[in-house]
Amino acid sequence: MAALAAQKYTPAEETEIQQWIAKADSVKASADKSVLDALNADLATRTTALGTKPSKADIAIYEAVAPLVKAWSPEERTGQEGRPNIVRLVDFVQNSPLFGLEVADKVAVDQEEVLYVKPPVDAKAEKERVKKEKAAAAAAAAAGTGAEKTLVDRTKEKAAAAADKVAEVKGKVVDAAAAATGAPEGKQKQKKEKKEKQQRQPAPPPAPTVLSPGLIDLRVGHILKAIKHPEADSLYVSTIAMGDKPGTDDTTEVDGQVCRTVCSGLNGLVPLEEMQGRKVVVVCNLKPVKMRGIKSSAMVLAASPRIKEGEVDDHKGPVELVNPPADAKAGERVYFEGWQAEPEKVLNPKKKIWETFQPGFTTTGDLEVAFDAGVVKELEGKDGLGKLVTASGGVCKVATLTGAQVR
């Protein structure tokens, strides 16, 4: 991501920047609890005031709240009634080179000191609980109308008996008609059996899968929070919203959003503060795997220098996360231009779809993420670059790496 001086803003973004600066001024004028609570809520889903793009609005907010945060107790910062999103922005602005601030007396922030984490709601268990409550209510209602139910059952029995009688008479009439016209009864039965057999024909096999990187379910993800893995020095554990419906397997509800837990080997490569509250691109249909005791249900896309022939990948970086457009929404579909397809529900490891197409994931001289079809031998005869775009038309980019591998 370019430094602050190199950023360009649309007229809508310029308007939003002025609105945020006005909020900062209101905090300076009156550090009222309600004003600070509102600011904390506004920052809950944003890395910066504009979402992911830095601006002078972030500096204005920093200058307004930094003296307050410095005086806050741990409970006021990250307790149950604290304002952790304000603390996160302060730490990000004073330390990130994007803003170019030279702060002599920084606000001390311990990223490991989190006094309260809202307990996640198991969406699947909650759905089952509601289902049981409805069943119990239905049983109670049925118990109060036992006599009525018995009467209905008897009526149904009489109706069924009458229907059987009608069918029996109809059969006799059909047989008599067949005998009158000389048609044997056995032939009539054969026709009926043949018709039933035709109706029981198995469904045709599904159409063969068309080879395409579109089989990979790529979406915009919003990292609500990220922490260090308690059992692995190289891993982060992130809570990411990516547009799943309530009750989806391997999801929990956090702050009103359906989220997945994702482990990524970015510890030591991407600063932890840059993992907080930001938008990323995630692979959503890989088979979940346990990573040192924690199940990971997706993967965060990142770029790193392409390994040359004969070199060994030492995983030392540099590494840059793939950035969707700042206005992209969590869960928005992401695909390569020219390769849009219906993603598989879960990628079958035996088909090696990810392994087939990932070598074509790269970055261009314009820092745009793209798919190079000419690299994938299974797509023999096809070439050209397809940009990685969101469903709303924005292009996904990286900060500085060109000709990189993306995985």
Side-chain angles (χ1 to χ4, degrees), residues 1-10 13 17 45-59 62 88-89 91-101 218-223 226 234 236 238 240 262 264-283 299-308 313-328 330 332 334 336-337 358 360-372 385-390 392-407:
M1 187 179 291
L4 196 60
Q7 293 290 339
K8 295 181 179 179
Y9 306 100
T10 65
E13 287 174 333
I17 288 171
T45 59
R46 299 166 178 264
T47 302
T48 67
L50 292 181
T52 57
K53 185 185 289 188
S55 70
K56 60 184 179 182
D58 301 299
I59 297 176
Y62 171 79
R88 170 175 51 78
L89 182 76
D91 192 43
F92 179 50
V93 173
Q94 69 183 4
N95 289 301
S96 176
L98 294 173
F99 301 98
L101 297 183
L218 300 174
R219 303 183 214 164
V220 175
H222 174 223
I223 303 177
S234 64
Y236 288 142
S238 302
I240 307 180
V262 180
S264 52
L266 299 172
N267 192 355
L269 299 171
V270 177
L272 184 58
E273 61 267 19
E274 291 186 20
M275 295 288 291
Q276 311 297 331
R278 70 173 296 155
K279 302 284 181 60
V280 290
V281 175
V282 285
V283 183
M299 185 174 73
V300 177
L301 274 190
S304 58
R306 191 172 293 278
I307 304 303
K308 298 178 181 178
D313 189 355
D314 56 12
H315 299 285
K316 290 184 178 179
V319 169
E320 295 176 355
L321 297 176
V322 174
N323 294 312
D327 58 352
E332 185 174 353
V334 181
F336 292 101
E337 286 183 328
Q358 181 276 323
F361 292 15
T362 187
T363 59
T364 69
D366 294 327
L367 304 177
E368 296 171 334
V369 180
F371 175 68
D372 184 357
L385 290 176
K387 297 178 183 178
L388 186 64
V389 297
T390 60
S392 56
V395 182
C396 300
K397 297 184 176 184
V398 294
T400 65
L401 294 175
T402 61
Q405 61 179 344
V406 177
R407 56 186 178 177

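The first residue of the sequence shown is numbered 1, and numbering continues consecutively from there. For clarity, every value in this text was computed on a predicted model and none was experimentally measured.
For Thr364, the side-chain contact (heavy atoms from CB on, under 4.5 Å) test picks out Asp366, Glu368, Ala370, Leu385, with sequence neighbours left out. Glu320 meets the side-chain hydrogen bond (donor to acceptor under 3.5 Å, both in side chains) test with Thr400; sequence neighbours excluded. In this structure Asp372 satisfies the side-chain hydrogen bond (donor to acceptor under 3.5 Å, both in side chains) test with no other residue, sequence neighbours excluded. Under the salt bridge (Lys or Arg N to Asp or Glu O under 4.0 Å) criterion, Glu273 pairs with no residue, sequence neighbours left out. For Ile307, the side-chain contact (heavy atoms from CB on, under 4.5 Å) partners two or more places apart in sequence, or in a different chain, are Glu311, Asp313, Gln405. For Arg88, the salt bridge (Lys or Arg N to Asp or Glu O under 4.0 Å) criterion is met by no residue, not counting sequence neighbours. Every ring-ring contact (aromatic ring centres under 6.0 Å, His included) that Phe361 has, sequence neighbours left out, goes to Phe336, Trp354. Among residues two or more places apart in sequence or in another chain, the side-chain hydrogen bond (donor to acceptor under 3.5 Å, both in side chains) test is passed with Gln358 by none. In this view, Lys397 satisfies the salt bridge (Lys or Arg N to Asp or Glu O under 4.0 Å) rule with no residue, not counting sequence neighbours. Applying the side-chain contact (heavy atoms from CB on, under 4.5 Å) test to Thr48 and every residue at least two apart in sequence or in another chain returns Leu50, Asp58, Phe92. Not counting sequence neighbours, the partners of Asn95 by the side-chain hydrogen bond (donor to acceptor under 3.5 Å, both in side chains) test are Asp91, Lys106. Partners of Thr390 by side-chain contact (heavy atoms from CB on, under 4.5 Å), not counting sequence neighbours, listed by chain and number: Val220, Pro325, Ala328, Glu332, Val334, Ser392, Cys396.
For the pair Ala404 and Arg306, the tightest heavy-atom approach, listed with the atom from each and the gap, is O-NH2, 3.1 Å. When every heavy atom of His222 is checked against every heavy atom of Gly277, the shortest pair comes out as NE2-O, 3.6 Å. Across Lys279 and Ala326, no two heavy atoms sit closer than the pair NZ-O, 3.8 Å. Residues Ile223 and Ser238 approach most closely at CG2-CB, 4.1 Å, considering heavy atoms.
For the side-chain contact (heavy atoms from CB on, under 4.5 Å) test with Val300, the passing option among Val283, Val322, Leu321 is Leu321; the others fail.
At least one donor-acceptor pair under 3.5 Å links the side chain of Thr363 to the backbone N or O of Gly403. Judged by distance alone, the side chain of Ser304 and the main-chain N or O of Val319 form no donor-acceptor pair under 3.5 Å. For the pair Tyr236 (side chain) and Val270 (backbone), a donor-acceptor distance under 3.5 Å is present. No donor-acceptor pair under 3.5 Å is formed between the side chain of Tyr62 and the backbone N or O of Gln94. Checking side-chain atoms of Lys53 against main-chain N and O of Lys8 turns up a donor-acceptor pair under 3.5 Å.
Atom-to-atom distance recorded for Thr47:OG1 and Gln276:CD is 8.5 Å, nearest 0.5 angstrom. Put simply, CG on Asn267 and CG on Leu272 are 7.5 Å apart, with the number rounded to the nearest 0.5 Å. The structure places CG of Leu98 at 7.0 Å from CD of Glu274, a figure rounded to the nearest 0.5 Å.
Between Asn323 and Thr52, every side-chain heavy-atom pair lies at or beyond the 4.5 Å cut-off. Side-chain contact between Ser55 and Gln7 is absent, with no heavy-atom pair separated by less than 4.5 Å. Counting heavy atoms from C-beta outward, Ile59 and Leu4 have side chains that approach closer than 4.5 Å.
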* Asked: After noting the C-alpha distance and the side-chain angles of Arg46 and Leu89, does the key distance pass the side-chain contact (heavy atoms from CB on, under 4.5 Å) rule?
  -> CA-CA 9 Å; Arg46 299 166 178 264; Leu89 182 76; over 6 Å; no
* In sequence, state the C-alpha distance, the side-chain angles, and the governing distance for Leu301 and Val282, and then conclude on side-chain contact (heavy atoms from CB on, under 4.5 Å). => CA-CA 6 Å; Leu301 274 190; Val282 285; over 6 Å; no
